Structure formats: C-alpha cells, structure tokens
Number of protein chains: 2
Amino acid sequence: MHLVKVGLYMAQKTEETKTKTISVIIVEDFKLTRVGLRCALNANEDINVVAEAEDAVEGLKLIEKHKPDVILMDLGLPGMNGIEAMVKCKEMMCDSKIIALTSHDRCEEVIAALSSGASAYCLKDIDPQKLADVVRDVSTGVCWIDPMVAQMTLNALPKIDNIGFLPNKSSSEGRVPLTEREFEVLKHLVSGKSNTEIAKELIVSVHTAKAHVCSILQKMCVNDRVQAAVKAVKEGMV
Amino acid sequence: MHLVKVGLYMAQKTEETKTKTISVIIVEDFKLTRVGLRCALNANEDINVVAEAEDAVEGLKLIEKHKPDVILMDLGLPGMNGIEAMVKCKEMMCDSKIIALTSHDRCEEVIAALSSGASAYCLKDIDPQKLADVVRDVSTGVCWIDPMVAQMTLNALPKIDNIGFLPNKSSSEGRVPLTEREFEVLKHLVSGKSNTEIAKELIVSVHTAKAHVCSILQKMCVNDRVQAAVKAVKEGMV
DNA sequence: CAATAAATTAGACAATCGGGTAATGGATTA
DNA sequence: TAATCCATTACCCGATTGTCTAATTTATTG
C-alpha cells in the first residue's frame, strides 16, 4: 500500500515538475556545514549544488554568475551578513529563491530575513532530507517556515479586520494579465528606472518602453508609474 | 532511493511526534470538493480524515469533539466564513493546525487567514499529493504558503531595520530623518499623487510640494519619486 | 538675543512622462 | 486563410518632474 503510493508519487513527479534539476548555491562560512549541506542535497538527483561561497561578497558574485534556482543563505556570516546579502541580491534583480539558514530563532532575525527576500526559514537542525523537500518547494515559489519560528512569524503579520470580508467577490475576475515582456518592464519600473533606462536595459527603443509602460498602467488600472510600482510591491508581483 | 528517504523520515517522526496517524477534519461546503479532499488524503495511510462538515458551525462542533491534528478549512463558507471560524477555533483553545483552502488570491484574504490562525494557505488547484505533504508539514508546525500568494504574504511582514543587525555596523548612522511635513508629503507621494495634487491636499503651493519632494528624494538617497515610493513601502515607512 | 532649522513661496529650465494615433512583422488561434 | 494578440517603432503635444537659486516667516535651541 505504501509502496504503491510512493510509486505513484514519483511517477507523477517525473512527469510534471522534474523535467530539470534544481540548481543551488550555498553561502555558509563553516566549512563543515558547507560540506554537510552539499552532500545532503547532492544525494538527490533532482538537486545540483553548482557553487559554494564562504562569505557574502563571494556568494553574490557566484549568484550573479550562475543565477541559481535556489540560494541557501546562512545568516551569521562574517563581514556582510546574510540579510544584507539578500537585500543586495534583490537589488541586482535576482530571481533566485532564498532559503535563510540559521541556528538562531530570534524573532527580529526571522522577520528581518523573510521581509528582506527569503522565501523560507530553516533552523540548522533540520532533517537533511526534509531540507531537500524544502528546496524543491521553494524552487516553485512556496514560502516555508520552520515549526520553531512559524508561529512568531504569523503573529508578526498585520491583523486585518475581517469584517467586510466577502467570500462572494471573485478577485482575479476582470483582471487583465500582463504579458511576459510587460512584467520585465514592470520590474525595471519598480526599481525606479526611467523609460529611457528601461529601453536601454531591454535593448529596445524608448518608444517601445513607453508603449509597454502605457499598457501596464492600463492593465493595472492605475494612473501613473508610481501607483503601478507601489501596487506591484504591495501585491507581490515583483 | 525515495523509499529510503521516506523510511528515514518516518523513523525519525516515530520517535518524536508521529506515533499515530495524522487526524484531519475537512470543513468545506461543496460536496464534490469534500469528497475529493477526503479521497486524496485517505489514500495516504499516515493520514486519516476523521470527520467532515459543510459549514463552520458544524465544523466547530466536530473540531471540539475530535480535536484533530489538522483542519482543512475552506474560506468561502456560507454563513460564518472560514476566517471567523478560525478565530472561534483559537478562542476554544484548540491546538489543531489549520490549513486555509480557497480559490481566491486576494491579498487581504491571505493575510486575514494567516493572521487569524491558519498555518498554511493553499489554493484549491493544488496537487492532491502535494496537499498530503502539506498536511504532514503543517502537523509538525510548519508554515506553508502557496507560491501564488507567498510573495504578497512576505511583503506584508513589517520591515525591520536590518542595519544594526550585526555588531559591526552602527545602525541608523548617516541617515537624515524626514521632517513631519515631509512624511505627510511622502504618504501622498506613495499613494501616487502628483505634486499638484499633493499641494492641493496640504493647501500649499505647488512650489512647496516640489520643494518637499526634492528634499525627500535627497534624504532617502533616491533619484526619483518611484524609487522613493517603493523604498517607503518596502521599509514600511508608510 | 542670535543662530539654526523648517516651511513656505517664486521663477525658470531641461528632461521626462503619459496619452494619443498609426504602422509593421511575427506568432498563435479560430 | 483570416483574425487576433504581441512586440516594436515613430511622431506629436501638453503636463509633470527634478533641480537650481533666492527670499520670507516661524519656531526652536543655545
């Protein structure tokens, strides 16, 4: 019975998600931990540790070079800490998902990490195989938070008055989705670039950039790029 | 390979928490969805759906009676909605972990659910086997959030000043604080108002508004109002 | 009291923005 | 095949933006 289940699960995995391996970069100062992480992850054939760094500066270089799917980031690094590194990472328009890894469970550290770009928070005593699962989850965009700190994270969320919460209203109804290209433009827009700069980045004319921005504004139902940027940030579109 | 992993994981579990199977209660108004959920979960021998309810009132009774490990709670219930039910659930000192289940991806709904007692947020198009994984995860206390809404949730977390995190850096050193008036202007700026509109709101001339904006940009070390707005939102200044 | 900072106003200027309209080629779909 | 959507480019035009210099008034602080 159990065998059947696992079999089914693997078969399903193979068809859907496991078409390519997940590339991972490890940023961790302790050599021993680094080796342990690498071994634990590389034991999974769908996960591939492509590089390792022992400090944030080196890590950022490797991240920019390899553009991995997932980054395992230790928070307690010498020099630039993991949180600063994550912020820098986001600034360089990096799409990699970040797993914050630490042995601490201080509330501020958890919140700081998650609000600075981490998609997951793991304590270092995590089961190695579980970590592999988290890597897979996070690579698809899931937010995963260790049991030890999950509650304090949830408590930190702003309480929303649930009056006026209407189950009837369908949200994404009249919403026109942005095209891929428009999303690219939106990212640059959010980073504060002018149309000219966006055009330069995407190697198109200013007219094209303007056309995309115009279209974005209409689809997002906003009047100017500031509103678009704020809405994008608040709704987590970028 | 996979078998070994499952074996190890279960062995570990057995010592700690999983001496018995995970009991689950489903609260969902659509009969068809209810059947689907039950089948998907009961196909796993370590998960046992002990009861089902089609509305919140009935659900709460069953929860009090069975005290399940995990509750699958639909948010769009008739009468008392899922969020109210979760609040009531916490009030009755219930230790069950709650998975919020919905097809909506509205930001307020997500935050409301997670801040009202849910440990996980799943969209209904989740893979059935994945849902079983989430049930296992959540039963150990993990916080799990669907990729579709993960980013917006993380963005809702309060931003913590991450400088000063390390013993090295002295925290808000070279930072010039905004004046009260400038904060007012910033708020309007973030809401996407033009200088003219800001001036009208504050009953000052456009020149004044512009002067404030100019000063804000310099103090925040950004080049334009878009960057200022994004930074303000990201750092939770507004 | 004097000095400093903040808020206010003004004029001017180059650059950018947002909204039109319109055309072309490529890809996908009906 | 025709229709549709997307990306691209172009031009025009009025409105807006960001920076500059410069001046006045009002608090606040030493």
Side-chain angles (χ1 to χ4, degrees), chain A residues 16 19 91 93 95 171-235 237-238, chain B residues 148 171-235 237-238:
Chain A
E16 292 179 23
T19 46
E91 280 173 3
M93 310 253 316
D95 287 332
S171 67
S172 47
E173 184 181 301
R175 263 163 64 184
V176 188
L178 298 189
T179 67
E180 239 178 83
R181 196 59 162 167
E182 287 164 350
F183 258 115
E184 286 184 71
V185 173
L186 182 61
K187 280 188 201 171
H188 291 292
L189 192 156
V190 169
S191 77
K193 291 197 171 67
S194 71
N195 291 337
T196 315
E197 290 169 320
I198 295 173
K200 212 163 283 173
E201 287 281 343
L202 303 184
I203 323 192
V204 294
S205 80
V206 191
H207 303 100
T208 309
K210 282 177 70 173
H212 285 311
V213 169
C214 237
S215 160
I216 289 171
L217 298 186
Q218 286 169 355
K219 286 185 178 177
M220 290 180 73
C221 300
V222 293
N223 298 317
D224 56 62
R225 54 174 52 217
V226 177
Q227 288 176 2
V230 170
K231 191 166 185 174
V233 172
K234 283 191 175 171
E235 300 199 357
M237 300 172 66
V238 288
Chain B
M148 288 294 292
S171 87
S172 48
E173 186 182 293
R175 268 165 61 180
V176 188
L178 298 189
T179 67
E180 240 177 83
R181 197 59 162 169
E182 286 164 351
F183 258 115
E184 286 184 72
V185 174
L186 182 61
K187 280 185 201 169
H188 291 292
L189 190 156
V190 169
S191 78
K193 290 196 171 68
S194 71
N195 291 336
T196 315
E197 289 170 320
I198 294 174
K200 212 163 283 174
E201 287 282 343
L202 303 183
I203 323 190
V204 293
S205 81
V206 191
H207 302 99
T208 310
K210 284 175 72 171
H212 286 311
V213 169
C214 220
S215 159
I216 289 171
L217 299 187
Q218 286 169 354
K219 286 184 179 177
M220 289 179 74
C221 301
V222 294
N223 298 317
D224 56 63
R225 55 175 51 219
V226 178
Q227 288 175 4
V230 170
K231 190 166 186 173
V233 172
K234 283 192 174 172
E235 300 198 356
M237 300 171 67
V238 288

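The chains referred to below are lettered A, B, ... by the order of the sequence lines, with proteins before strands, and numbering in each begins at 1. Given the structure is predicted, the values throughout are model-derived calculations rather than measurements.
Annotation: salt bridge (Lys or Arg N to Asp or Glu O under 4.0 Å) contacts of B:Glu184 (sequence neighbours excluded): B:Arg181.
Side-chain contact between A:Leu186 and A:Met220 is present, with heavy atoms from C-beta onward closer than 4.5 Å. For the pair B:Leu217/B:Cys214, no side-chain contact is recorded, criterion being any heavy-atom separation below 4.5 Å from C-beta on. Using a 4.5 Å heavy-atom threshold, the side chains of B:Thr179 and B:Lys219 count as touching. For the pair B:His188/B:Leu202, a side-chain contact is recorded, criterion being any heavy-atom separation below 4.5 Å from C-beta on.
Straight-line distance from the CD atom of B:Gln227 to the P atom of C:dT16: 14 Å, rounded to whole Å. The separation between B:Gln218 atom CD and D:dT17 atom C1' is 14 Å, rounded to whole Å. For B:Glu197 and D:dA15, the CD to P distance is 15 Å, given to the nearest whole Å. To the nearest angstrom, P of D:dT19 lies 11 Å from CZ of B:Arg225. Between the CG atom of A:Asp224 and the C1' atom of C:dT16 there is a distance of 13 Å, given to the nearest Å. Atom CD1 in B:Ile198 sits about 14 Å away from atom P in C:dT9, given to the nearest Å. For the pair B:Asn223 CG and C:dC17 P, the computed distance is 12 Å after rounding to whole Å.
By the neighbour-count criterion of 12 heavy atoms within 6.0 Å, atom NZ of A:Lys231 is densely surrounded, having more than that number from other residues, nucleotides or ligands.
The two residues B:Gly192 and A:Val226 have their closest heavy-atom pair at CA-CG1, 4.1 Å.
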Kindly give the atom pairs (protein nitrogen or oxygen, nucleotide nitrogen or oxygen) under 3.5 Å for nucleotides 25-30 of chain C.
none

Quick one: which protein N/O atoms are closer than 3.5 Å to N/O atoms of nucleotides 5-11 of chain D? Pair and distance per line, please.
{"unit_1": "D:dA7", "atom_1": "OP1", "unit_2": "A:Thr179", "atom_2": "OG1", "d": "3.0"}
{"unit_1": "D:dA7", "atom_1": "OP1", "unit_2": "A:Arg181", "atom_2": "N", "d": "3.4"}
{"unit_1": "D:dA7", "atom_1": "OP2", "unit_2": "A:Thr179", "atom_2": "OG1", "d": "3.0"}
{"unit_1": "D:dT8", "atom_1": "OP1", "unit_2": "A:Arg181", "atom_2": "NE", "d": "3.3"}
{"unit_1": "D:dT8", "atom_1": "OP1", "unit_2": "A:Arg181", "atom_2": "NH2", "d": "2.9"}
{"unit_1": "D:dT8", "atom_1": "OP2", "unit_2": "A:Arg181", "atom_2": "NE", "d": "3.0"}
{"unit_1": "D:dT8", "atom_1": "OP2", "unit_2": "A:His212", "atom_2": "NE2", "d": "2.9"}
{"unit_1": "D:dT9", "atom_1": "OP2", "unit_2": "A:Ser205", "atom_2": "N", "d": "2.6"}
{"unit_1": "D:dT9", "atom_1": "OP2", "unit_2": "A:Ser205", "atom_2": "OG", "d": "3.4"}
{"unit_1": "D:dT9", "atom_1": "OP2", "unit_2": "A:Thr208", "atom_2": "OG1", "d": "2.3"}
{"unit_1": "D:dT9", "atom_1": "O5'", "unit_2": "A:Ser205", "atom_2": "OG", "d": "3.4"}

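Under 4.0 angstrom from either OP1 or OP2 of D:dT16 there lies no side-chain N or O belonging to B:Asn195.
The pair B:Asp224-A:Arg225 does not meet the salt-bridge criterion, since no charged nitrogen lies less than 4.0 angstrom from a carboxylate oxygen.
Rounded to the nearest 0.5 Å, atoms OG (A:Ser191) and CE (A:Met93) are 5.5 Å apart.
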